[in-house]
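Here the structure is laid out as structure tokens; the discussion comes afterwards.
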Amino acid sequence: MPKDDALDRELVRQRVVEWFSRHRRDLPWRRSTPWGVVVSEFMLQQTPVSRVLGPWQEWMDRWPEPDDLAAEEPGAAVAAWGRLGYPRRAQRLHRAARTISELHDGQVPRELDQLRALPGVGQYTAAAIHSFAFGGRAVVLDTNIRRLLVRVEHGREFPPVSATAQEWREAEAWLPEAPAEAAAWAAASMELGALVCTARSPRCGDCPVAELCAWRAAGYPRHDGPPRKGQAWHGTDRQCRGVILDLVRQNPDGVRVELALDAWADREQAERSLAGLLTDELVREREGLLVL
DNA sequence: GAGTCGTGGGC
DNA sequence: TGCCCAAGACT
């Protein structure tokens, strides 16, 4: 590794953090509690900020502390999740609340290993909570930061499909030693990736590190690695599950099994999908009726 | 490690 | 219009 890399990183960090001080969004969970951060991180998994704002506020009004959610039945969480998508996140968040209530005296734990042990909390989310909620030092590596780093440092348009061990090592190398600086870098680099260094139509004219960027220096070469496959949707079990779950969600008093199966043209697929929802306990059967 | 798991909006 | 993408986790 060339000797001047460290200097470049420090300069990049300074500029990004300074940019953040002037352009950071006033997102409600940034002036909330650790529990508010937890709720936001679950909701933001694979879901844009714009769609999370409303549901996050509703959840915080209804369940301002982990104990409040823990006292509910899981179906209440799935119902309140609405159309945010990936409803098992609601189920996992409810289970996380119960774990926090039972094992941590109702207080969101601070340490990475304790966070990582919560249902639905992976490597990214644990680091994000530790950093954003507690100001701790953790390698926060999400899709925004991965894209920013691969462009600035390696001159490529997109990172690999899934985060590699090499990426985690490199992200660690970017992390300042002081916890407060590390947390600032995490928030700032993620924000820059989300607002400026975007996947499509990046706004390099607004970027504080454009003149330091390897991707820009290389003339913005297009992605040439393996194709970044989009997820199939039409006709998938996932779409079918979504249709059935939405029907149950809209009928709080319950839906007859036959009616739910009729909501999807392919009978065999409908049966398989409903069985999956029941196995996942996203839907339950009570007296012949499907309920959340 | 590749597959699975929702939903909506921008281009 | 269809495709791509969005603060991933889990198996």
Side-chain angles (χ1 to χ4, degrees), chain A residues 24-25 27-30 32 36-56 78 81-93 95-96 115-133 138-148 157-165 167-168 171 183 186-195 197-203 222-223 226-249 269 272-273 276-277 279-283:
Chain A
R24 74 194 299 266
R25 290 169 291 181
L27 301 174
W29 42 86
R30 286 179 172 164
S32 179
V37 173
V38 169
V39 174
S40 77
E41 289 301 336
F42 271 76
M43 290 183 169
L44 287 164
Q45 290 168 4
Q46 299 284 283
T47 306
V49 166
S50 59
R51 291 183 45 215
V52 165
L53 290 169
W56 182 87
V78 174
W81 200 251
R83 300 187 62 79
L84 267 183
Y86 290 137
R88 25 185 167 214
R89 290 182 294 165
Q91 184 181 56
R92 288 168 182 161
L93 180 50
R95 290 173 182 167
L115 290 166
R116 186 66 182 75
L118 297 174
V121 175
Q123 203 166 354
Y124 159 76
T125 302
I129 295 168
H130 183 72
S131 185
F132 301 155
V139 181
V140 180
L141 192 59
D142 80 320
T143 187
N144 293 303
I145 297 179
R146 293 179 62 215
R147 188 175 54 245
L148 173 68
E157 184 179 18
F158 295 121
V161 174
S162 58
T164 63
E167 283 185 83
W168 283 97
S189 56
M190 188 178 303
E191 191 83 330
L192 187 66
L195 297 183
C197 196
T198 52
R200 286 169 299 188
S201 307
R203 304 165 56 188
R222 301 297 305 240
H223 179 72
R228 314 165 69 231
K229 51 173 172 27
Q231 297 180 346
W233 173 247
H234 290 288
T236 63
D237 284 8
R238 228 158 82 245
Q239 184 184 22
C240 182
R241 287 166 59 108
V243 168
I244 294 173
L245 187 62
D246 191 45
L247 190 61
V248 177
R249 194 188 294 127
Q269 186 174 31
R272 181 173 65 246
S273 297
L277 289 170
T279 297
D280 294 342
E281 297 186 289
L282 286 169
V283 170

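Sequence lines set the chain letters: A, B, ... in the order given, protein chains first and strands last, and positions in each chain run from 1. Everything numeric here is computed off the predicted structure, so don't read it as measured data.
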G235(A) backbone acceptor or donor facing Q239(A) side chain under 3.5 Å: yes
Check the distance between dC5(B)'s P and L84(A)'s CG and give it to me in whole angstrom. 19 Å
Quick check: does any side chain N or O of Q91(A) sit under 3.5 Å from a backbone N or O of V78(A), one acting as donor and the other as acceptor? no
Could you walk me through whether E41(A) and Y124(A) satisfy the side-chain hydrogen bond (donor to acceptor under 3.5 Å, both in side chains) test, starting with their C-alpha distance in whole Å, then the side-chain angles of each, then the deciding distance to 0.1 Å, before giving a yes or no? CA-CA 9 Å; E41(A) 289 301 336; Y124(A) 159 76; 2.9 Å; yes
Most 5' of R89(A) and S201(A) on DNA chain B, judged by nearest nucleotide: R89(A)
Which part of the nucleic acid, if any, lies within reach of R83(A) when heavy atoms closer than 4.0 Å are counted: base, sugar-phosphate only, or nothing? sugar-phosphate
Taking atom C1' of dT7(B) as reference, at what distance in whole Å does atom CG of D246(A) sit? 10 Å
How would nucleotides 4-11 of chain C be written as a contact map, 5' to 3', with B for base contact, S for sugar-phosphate-only contact and - for no contact, using protein heavy atoms under 4.0 Å? BSBBBSS-
Between dA7(C) and dC11(B), how far apart are the P atoms? Round to whole Å, please. 15 Å
Considering only atom P, compute the distance from dG8(B) to dA9(C) and round it to an integer number of Å. 23 Å
R241(A) CZ to dG3(B) C1': how many Å, rounded? 13 Å
Enter the distance from R51(A):CZ to L44(A):CG here, rounded to the nearest 0.5 Å. 11.0 Å
Are side-chain N/O atoms of R89(A) and Q46(A) paired as donor and acceptor at under 3.5 Å? no
Testing T236(A), V243(A), I244(A) one by one against C240(A) for a side chain to side chain contact (heavy atoms under 4.5 Å, CB included), which residue passes? I244(A)
Rounded interatomic separation in angstrom, taking CD from E281(A) and C1' from dC5(B): 17 Å
Under 4.0 Å between a side-chain N/O of R88(A) and OP1 or OP2 of dG6(B), yes or no? no
